[in-house]
Amino acid sequence: MDKLRIMSVFGTRPEAIKMCPLVKELAARPEIESLCCVTAQHRQMLDSVLEVFDLKPDWDLDIMTPRQTLSTITSKCLLGMDEAIDALKPDMILVHGDTSTTFAGALSAFYHQVPVGHVEAGLRTYDKYSPFPEEMNRKLVSAIADLYFCPTVNNKNNLLKEGIGKGLFITGNTVIDALKTTVREDYRFTTEELNRLPYGEKKIILVTCHRRENYGEPMKNIMLALRQIAEQHEDVELVYPVHLSPVVREAVDTYLRGTPRVHLIDPLPADEMHNLMARCYMVMTDSGGLQEEAPALGKPVLVLRRETERPEAVEAGTVKLAGVVQDDIVTMAERLICDKDAYAQMAHAVNPYGDGNACRRIADAILWHFGRGKKPADYLM
Ligand code: UD1
Ligand code: UDP
């Protein structure tokens with residue numbers, strides 16, 4: 001029997017971190033030819049992940065331009081995908097999450113009548129503009145997909161409520177699979193500054209911020225809140241690997257640079273980032289991925305957004321929504337910095353997002369779909 005040609009498509013840093021372990025799992029299955037097409041919606045930040053996971057794509061659309069718009073990303077992906085699909089002739093295309101690459105990848109698969117598997121399916125805020133454009137991207141992909149790999153029961157229920165009743169699997173999130181390969185107790189950072197941080201002596205707060213809906217006033221408020229926290233607490237050090245988006249960099253330069261106890265550094269390779277997270281005191285972020293990783297590592301998270309499509313860790317008590325108002329963010333951070341009991345209540349490891357076997361379940365589900373294996377059991381934590 002011919003091998004199934006399964007093509008994974010991704011383009012940004014978080015998609016890459018969550019898809020590299022899956023591309024490898026698929027490659028390990030004798031029934032599957034695992035193909036990898038990157039759009040390079042992110043260039044440097046994507047390449048850094050490919051290097052950490054030692055993965056060489058079969059096709060690279062190389063679309064990134066500085067300050068790219070949603071329309072340029074989507075149209076360049078669509079045009080590039082035509083060629084990739086014609087050349088690689090996949091039996092199924094896998095897309096991940098909610099980026100413009102995800103949406104364009106799924107739409108392109110549909111135009112070529114190639115079935116689509118959606119990894120990290122069913123996340124919702126039910127607010128069309130928040131996160132923007134991600135909420136709409138993932139809804140549109142739900143309309144196109146044939147197989148839905150939901151990280152949690154809650155994600156599956158969201159899809160059931162929308163009338164999607166077939167092809168649903170609860171797999172856990174592949175980010176936990178990735179974390180299992182990167183985090184090591186004896187890890188030594190290649191970024192020397194990270195080896196010199198006063199872990200244990202001071203409270204190291206790991207910060208990231210990049211979302212489009214936070215551009216402008218919310219991002220300014222976030223930066224000013226971070227500044228206030230660092231200025232007022234000598235026992236704190238903020239470590240902030242700054243996203244390469246020029247909009248984010250401008251906000252950081254205008255409102256945060258030069259503040260004592262704030263380490264502004266370049267984006268970290270995924271293994272460095274995961275090990276830094278494992279050693280920090282707490283996390284402040286508007287990222288989706290960090291909301292999944294930090295709880296698994298027992299680190300409290302303050303989410304710098306008005307909403308989250310990841311309520312599971314909020315329910316488990318390790319994540320809190322801090323919003324985008326300066327005073328609110330400062331108050332919530334100070335509670336965790338100064339109140340030992342409040343900190344202890346949040347700092348426990350939970351794993352609502354997976355057990356590290358999501359990729360195995362996804363590969364099994366794909367083989368089952370093509371009549372070449374048994375249906376995998378759902379991940380029920
Ligand atoms: C994108 C995704 C977002 C995801 C985020 C992860 C969309 C619309 N947004 O947002 O869902 O959470 O990635 O980080 O799909 N840049 C570089 N080098 C890089 C990466 C980015 O220079 O390696 C700069 C470029 O100027 C680029 C800009 O950052 O134009 C913005 O990148 P883009 O992918 O458009 O948006 P993100 O905010 O990164
Ligand atoms: N990350 C990284 N280096 C960094 C910042 C983040 O490797 O300097 C990782 C992080 O651990 C997580 C992912 O990138 O796995 C999250 O990506 P991002 O915040 O860009 O996107 P989101 O998750 O919000 O879509």
Side-chain angles (χ1 to χ4, degrees), residues 10-21 38-53 62-74 76-77 95-105 120 123 131-138 141 173-179 181-183 191 194 206-215 219 239-251 263-278 280 283 285-294 296-297 299 301 303-305 308-310 353:
F10 52 89
T12 65
R13 169 174 65 193
E15 294 166 82
I17 291 172
K18 292 166 166 183
M19 287 297 271
C20 282
V38 296
T39 64
Q41 174 178 333
H42 286 172
R43 187 69 274 173
Q44 302 90 323
M45 284 157 55
L46 170 76
D47 292 344
S48 160
V49 180
L50 294 173
E51 199 180 316
V52 168
F53 287 92
D62 197 22
I63 67 153
M64 195 195 85
T65 50
R67 292 181 188 265
Q68 58 204 358
T69 66
L70 300 177
S71 307
T72 52
I73 305 170
T74 307
K76 284 173 116 180
C77 280
V95 293
H96 180 279
D98 53 21
T99 70
S100 294
T101 286
T102 317
F103 168 55
E120 200 178 271
L123 281 68
F132 172 81
E134 291 83 1
E135 177 74 2
M136 190 51 66
N137 283 341
R138 55 196 175 211
V141 174
N173 197 307
T174 59
V175 77
I176 307 297
D177 301 32
L179 264 190
T181 68
T182 51
V183 176
T191 313
L194 300 182
L206 176 58
V207 176
T208 75
C209 180
H210 72 84
R211 305 215 76 85
R212 273 174 203 255
E213 72 271 12
N214 278 341
Y215 283 5
M219 204 166 275
V239 184
Y240 180 173
V242 185
H243 193 290
L244 293 180
S245 160
V247 182
V248 176
R249 295 205 149 223
E250 262 167 34
H263 305 253
L264 298 173
I265 56 177
D266 279 334
L268 289 169
D271 50 351
E272 300 266 288
M273 181 68 176
H274 290 170
N275 283 285
L276 179 58
M277 207 181 304
C280 76
V283 173
T285 188
D286 66 358
S287 155
L290 268 79
Q291 291 179 58
E292 296 153 345
E293 294 163 343
L297 297 168
K299 306 299 173 178
V301 183
V303 178
L304 307 170
R305 291 166 60 174
T308 179
E309 60 287 84
R310 294 168 167 89
Y353 299 111

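None of the values given here were measured: they were computed from a predicted structure. Indexing begins at 1, ligand by ligand and atom by atom, following the structure's order. Reckoned from all heavy atoms, side chains included, excluding hydrogens, waters and symmetry mates.
With hydrogens and angles left out, the side-chain atoms of T102 and T99 include a donor and acceptor closer than 3.5 Å. With 3.5 Å as the limit, one finds no donor-acceptor pair spanning the side chains of S100 and Q41. For T208 and S287, the side-chain atoms include no donor-acceptor pair closer than 3.5 Å. With no hydrogens or angles considered, no side-chain donor-acceptor pair links S48 and E51 at under 3.5 Å.
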Using the salt bridge (Lys or Arg N to Asp or Glu O under 4.0 Å) rule, take D266 and R249 through it: C-alpha gap first, then chi angles, then the decisive distance, then the call. CA-CA 10 Å; D266 279 334; R249 295 205 149 223; 3.1 Å; yes
Could you walk me through whether S71 and T74 satisfy the side chain to side chain donor-acceptor pair (under 3.5 Å) test, starting with their C-alpha distance in whole Å, then the side-chain angles of each, then the deciding distance to 0.1 Å, before giving a yes or no? CA-CA 5 Å; S71 307; T74 307; over 6 Å; no
Hey, mind stepping through E120 and R310 against salt bridge (Lys or Arg N to Asp or Glu O under 4.0 Å) and telling me if it holds? CA-CA 11 Å; E120 200 178 271; R310 294 168 167 89; 3.3 Å; yes
Decide yes or no on salt bridge (Lys or Arg N to Asp or Glu O under 4.0 Å) for E309 and R138, but give the supporting numbers first. CA-CA 11 Å; E309 60 287 84; R138 55 196 175 211; 3.1 Å; yes
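The closest donor-acceptor contact from the side chain of Q68 to the backbone of T65 lies under 3.5 Å. With D286 contributing its side chain and R211 its backbone, the two residues share a donor-acceptor pair below 3.5 Å.
Looking from atom 1 (N) of ligand 2 to the surrounding protein, the closest heavy atom is M273 CG, 3.6 Å. Counting protein heavy atoms only, atom 8 (O) of ligand 2 is closest to L268 N, 2.8 Å. Scanning the protein for heavy atoms near atom 15 (O) of ligand 2, the closest one is E293 OE2, 2.4 Å. Here the protein heavy atom with the shortest distance to atom 20 (O) of ligand 2 is R13 NH2, 2.8 Å. At the top of the distance list for atom 9 (C) of ligand 2, counting protein heavy atoms only, stands I17 CD1, 3.5 Å. Looking from atom 19 (O) of ligand 2 to the surrounding protein, the closest heavy atom is S287 OG, 2.9 Å.
Distances from ligand 2 to the non-hydrogen atoms of K18 include no value under 4.0 Å. At least one heavy atom of R211 sits less than 4.0 Å from an atom of ligand 2.
Here the shortest heavy-atom distance to atom 17 (O) of ligand 2, taken over P241, G288, P14, belongs to P14. The option with the heavy atom closest to atom 23 (O) of ligand 2, from among G289, P269, S48, A294, is G289.
Contacts of ligand 1 (protein heavy-atom distance under 4.0 Å) are T12, P14, Q41, H42, R43, Q44, M45, M64, T65, P66, R67, Q68, L70, I73, T99, S100, P133, E134, H210, R211, R212, Y215, H243, L244, S245, P246.
When all heavy atoms of N137 and D98 are compared, the pair lying nearest together is ND2-O, 2.9 Å. The shortest heavy-atom contact between E135 and L123 is OE1-O, 4.3 Å. Of all the heavy atoms in Q291 and Y353, the pair that sits closest is O-CE1, 3.8 Å.
For ligand 2, the atoms sitting less than 4.0 Å from at least one non-hydrogen atom of H274 are 11 (O), 15 (O), numbered in the order shown with element in parentheses. Heavy-atom proximity to A270, at under 4.0 Å, picks out these atoms of ligand 2: 7 (O). Every atom of ligand 2 is numbered from 1 in the order shown, and the set under 4.0 Å from a heavy atom of M277 is 11 (O).
Under 4.0 Å from ligand 2, not a single heavy atom of V49 appears.
Of the polar atoms of H210, at least one N or O is found under 3.5 Å from an N or O of ligand 2, judged by distance alone.
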